[in-house]
Number of protein chains: 2
Amino acid sequence: MPDTQNRPKPPLSLADLRDRIADLSGKLPRVLQQCADHLVADHDSIAVSTVAELSARAGVPPSAMMRFCHLLGFSGYSELQRLYRTAVARGLPDYATRLANLKSGPAGHPAALVAEFVEAGRLSLEGLARDLDETTLDQAVKALSQAAVIHLVGYRRALPVAVYLSYVFEKLGIATFLHDGLGGLDHRSALRPGDAVLAITFAPYSAETLALVDRARAIALPVVLLTDPPATALRGRADLVLTVGEVDFGAFRSLSATIALALALAVAVAARREG
Amino acid sequence: MPDTQNRPKPPLSLADLRDRIADLSGKLPRVLQQCADHLVADHDSIAVSTVAELSARAGVPPSAMMRFCHLLGFSGYSELQRLYRTAVARGLPDYATRLANLKSGPAGHPAALVAEFVEAGRLSLEGLARDLDETTLDQAVKALSQAAVIHLVGYRRALPVAVYLSYVFEKLGIATFLHDGLGGLDHRSALRPGDAVLAITFAPYSAETLALVDRARAIALPVVLLTDPPATALRGRADLVLTVGEVDFGAFRSLSATIALALALAVAVAARREG
DNA sequence: CCGAATTTGGAATAAATATTCTATTCCGGC
DNA sequence: GCCGGAATAGAATATTTATTCCAAATTCGG
């Protein structure tokens, strides 16, 4: 590679890089200035573009982009791109390995476990913010706000969410019926015209939950389903399927994202009823 | 490329792809199943990884990953990667921006509410990681791991946590008794020598929970209390007081931090029992 | 326990992509 | 308007990366 000796040190972070581009900007010959401008304008796609693609969009030949990379202190485009790529890939470390490490590591270190569950919760919440399906959410709010009684159902690990919703709706003055299967009763006859069902279930879906959902569908009640992706088996079983990805740690999930979504749903329904 | 004729149509969107992977999952030979699993686990970095890198992380040779791509209907890894790359180049899953976008929507809009609860949950989790009292946690784990039966109690908004713990302990093969006050019964006579109590309660503390705690203290059972700071009123009422600060949004809290702590506690107790 | 079919890992090959090189153009000073 | 140095574009090359193919290992059915 040319000019190795009088090339500056390469930026080590995206912030460094931005600074360096800003420094250079304005004191650059025409084509290189174009490179600089385009790099800041199109930074979203740098991680996934080849030099050829990027320079084509910038309206310069690839060699010009290469020269600009050298000017910034990189050995080439690949080195610059690495910065953007690690930024994109940040997050999700490999959970399988971390779990294995934890098991083999200092057994019974509770604080480390807390850290892992905190991390899992954080990632789940980020995922919710990223992947939220706003349209379906709006429709779910609408459907539930028109219901006379909202039937809540969730078994096993979904039960805590149903229980919490029952508390929250109560506080908000909205009538609910919690189907908890107490005593083996399914109370499916409690479903009345004008009601709606909010079911929470994760794969493998519990038979009781699906039974209630099917019953509601049979008498044409609106059904909102809160579940985890990909939910292939549930398509067509409910009008409105809201998926929320939870990052599991070990066998258990933090439920953070599911609860956040459920709370937002409840509060939105209450707001809509009043308005 | 091999087998072009009997290869299915390639998925056209990430949703399609997820569905297809879910379909295949379970009916796959060992190595290909590893590919499938890793593809969903590590989906954040697919856009910026080479086959070599990705398959190394999945623990399979590159050729196996290629075979899996063909199975999904793609002509190769590049075609699969294109799906992820276009997703990255568009929506920029930058958490901060996305959250800002969600919030800036019409006030009271469901998506904006989701953003608020996500933010509250995240802050709570950060707080937990920062303020965790490791010493007390260790002692709590020790106390609970020696119990014959763990009595769980939590009313009102603490009930979901108690319910979840009941599920988790069950899965871990640990005997529990959930005091849910059903039918106005308090079952305080269920407390036996050798048992321990894990109580979850937030200010204002519910009388039923405190009654059970006092009863347990009276017969010298260890009591672990999970509550919110400052917990001044509770000092002296239990041996071990674990505080966890939750950031509320509106009248409701996400419970993220409480659940994370509760889960870690449960898993640590199980680990300690086995060791 | 054997043979057939499937699955696997790795070496060989092909394609894509980055990078350098050089002839040519551009521009400012005399 | 001509000279010298910087800047440029595209062709040539090197490197990385994807993809295929096949021999060896494994699994499965009888």
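Only this structure's heavy atoms are used, side chains among them; waters, hydrogens and symmetry mates stay out. Just so it is clear: chains get the letters A, B, ... in the order the sequence lines come, proteins before strands, and each one is counted from 1.
In this structure, Q33(A) atom CD and dA6(D) atom P are separated by 20 Å, rounded to whole Å. Rounding to whole angstrom units, CD of residue Q34(B) and C1' of dT7(C) are separated by 13 Å. We find that NZ of K27(B) is positioned 15 Å from P of dC28(D), with the value rounded to whole Å. Here the C1' atom of nucleotide dA9(D) and the CE atom of M66(A) are 15 Å apart, to the nearest Å. Rounded to a whole Å, the CZ atom of F74(A) is 15 Å from the P atom of dA18(C). Atom-to-atom, CE of M65(A) to P of dG10(D) comes out at 15 Å; the value is rounded to the nearest Å. Summarising the geometry, the separation between CD on E79(A) and C1' on dT16(D) is reported as 15 Å, rounded to the nearest angstrom. Taking atom CZ on R82(A) and atom P on dT16(D), their separation rounds to 11 Å, with Å as the unit.
Residue R67(A) has no polar side-chain atom (N or O) positioned under 4.0 Å from OP1 or OP2 of dA7(D). Between S78(B) and dT17(D), a side-chain N or O to OP1/OP2 separation shorter than 4.0 Å is absent. OP1 or OP2 of dT20(C) sits under 4.0 Å from a side-chain N or O of H70(A).
Checked by atom type and distance alone, the side chain of Q33(A) never pairs as donor or acceptor with a backbone atom of S25(A) at under 3.5 Å.
To the nearest 0.5 Å, atoms CD (E246(A)) and CZ (F252(A)) are separated by 14.0 Å.
When heavy atoms are screened at a 4.0 angstrom cut-off, A52(B) is found touching the sugar-phosphate backbone but no base atom.
By the 4.0 Å N-to-carboxylate-O rule, D186(A) lies too far from R215(A) to be salt-bridged with it.
Residue S63(A) places a side-chain atom within donor-acceptor reach of the base of dA9(D), judged by atom type and a 3.5 Å distance cut-off alone.
The minimum heavy-atom distance between D214(A) and R237(A), with the atom names listed, is OD2-NH2, 2.8 Å.
The L32(A) side chain lies nearest to dT8(D) when the options are dT8(D), dT8(C), dT19(D).
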